[in-house]
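Counting starts at 1 for both ligands and their atoms, in listed order.
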Amino acid sequence: MTGKIEHHLDAATLMAFSAGCLGEPLSAVAAAHLEMCAHCRAELVDIDLIGGVLLEGMPASGVLNAQAALPAMPGDVVPMSGRNGGPGGKDKARYSDGPQSFAARIGVDLAHVPWRRLGPGVWHYRVKLSPGVKGDLRLLKIAAGKRMPEHGHGGSELTLVLDGAYRDERGEYRCGDIQDVDEADEHQPVADPQLGCVCIIASEQRVRYKGIVNRLLQPLIGI
Ligand SMILES: [Zn+2]
């Protein structure tokens with residue numbers, strides 16, 4: 001970890017995470033950011049408390065257990081009831097983990113990712129999701145100074161920087177920063193001119209690339 005985290009999860013995403021309403025890919029990336037970010041962990045504690053108050057008085061079967069909803073990691077073979085030590089047994093120690101441990105938990109060694117080339121200066125590795133799960137979770141490596149195609153989104157997308165940095169219309173994203181976008185947002189990221197960028201991207205749906213050439217390329221490059 002280097003520097004201070006400047007970009008955080010939206011309140012709406014934290015609420016969905018707390019309630020267990022985020023899909024598997026988004027939940028995995030939100031959990032990884034929470035591991036690195038004390039600011040968002042504090043926000044989540046508040047949201048969990050508010051949720052607990054709102055749900056008080058509901059029949060036991062209707063109470064969402066936010067603890068059990070915490071990170072549903074792809075590749076995590078621990079059954080839902082056993083995650084985080086079971087309901088009420090959240091293991092705070094996992095929050096001290098960094099990008100390497102997160103990558104290990106999704107079954108990847110960041111130093112030895114079996115990258116597949118998408119195009120000049122861009123590589124990806126698609127993380128396997130649980131059977132039947134919708135969405136997409138992939139590591140992306142972008143060469144120093146590489147400009148990605150301008151694109152919009154068909155749904156929510158979370159991008160967490162694991163190494164290096166990138167910049168877009170909203171600012172600079174460094175290790176630990178997360179970009180939380182929805183379908184109204186369009187952007188054109190550029191990797192750091194010296195460091196390049198390795199990030200993990202979770203999306204509910206496929207991204208929408210602007211321009212006929214990019215749309216034609218999309219089925220070929222698979223993003
Ligand atoms: Zn944060």
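For the Zn ion (ligand 1), the set of nearby N, O or S atoms under 2.8 Å includes one belonging to H8. Within the 2.8 Å limit, H7 places no N, O or S atom next to the Zn ion (ligand 1).
Each of D180, V181, L158 was checked for a side chain to side chain contact (heavy atoms under 4.5 Å, CB included) with D10, and the lone residue meeting it is D180.
When SG of C37 and SG of C40 are joined through the Zn ion (ligand 1), the resulting angle is 120° to the nearest 10°.
A donor-acceptor pair is defined here as one N or O able to donate and one able to accept, closer than 3.5 Å; such a pair exists between the side chain of H33 and the backbone of G176. Using modelled atom types, no side-chain atom of K141 and backbone atom of G196 make a donor-acceptor pair closer than 3.5 Å.
Counting heavy atoms from C-beta outward, W115 and L139 have side chains that approach closer than 4.5 Å.
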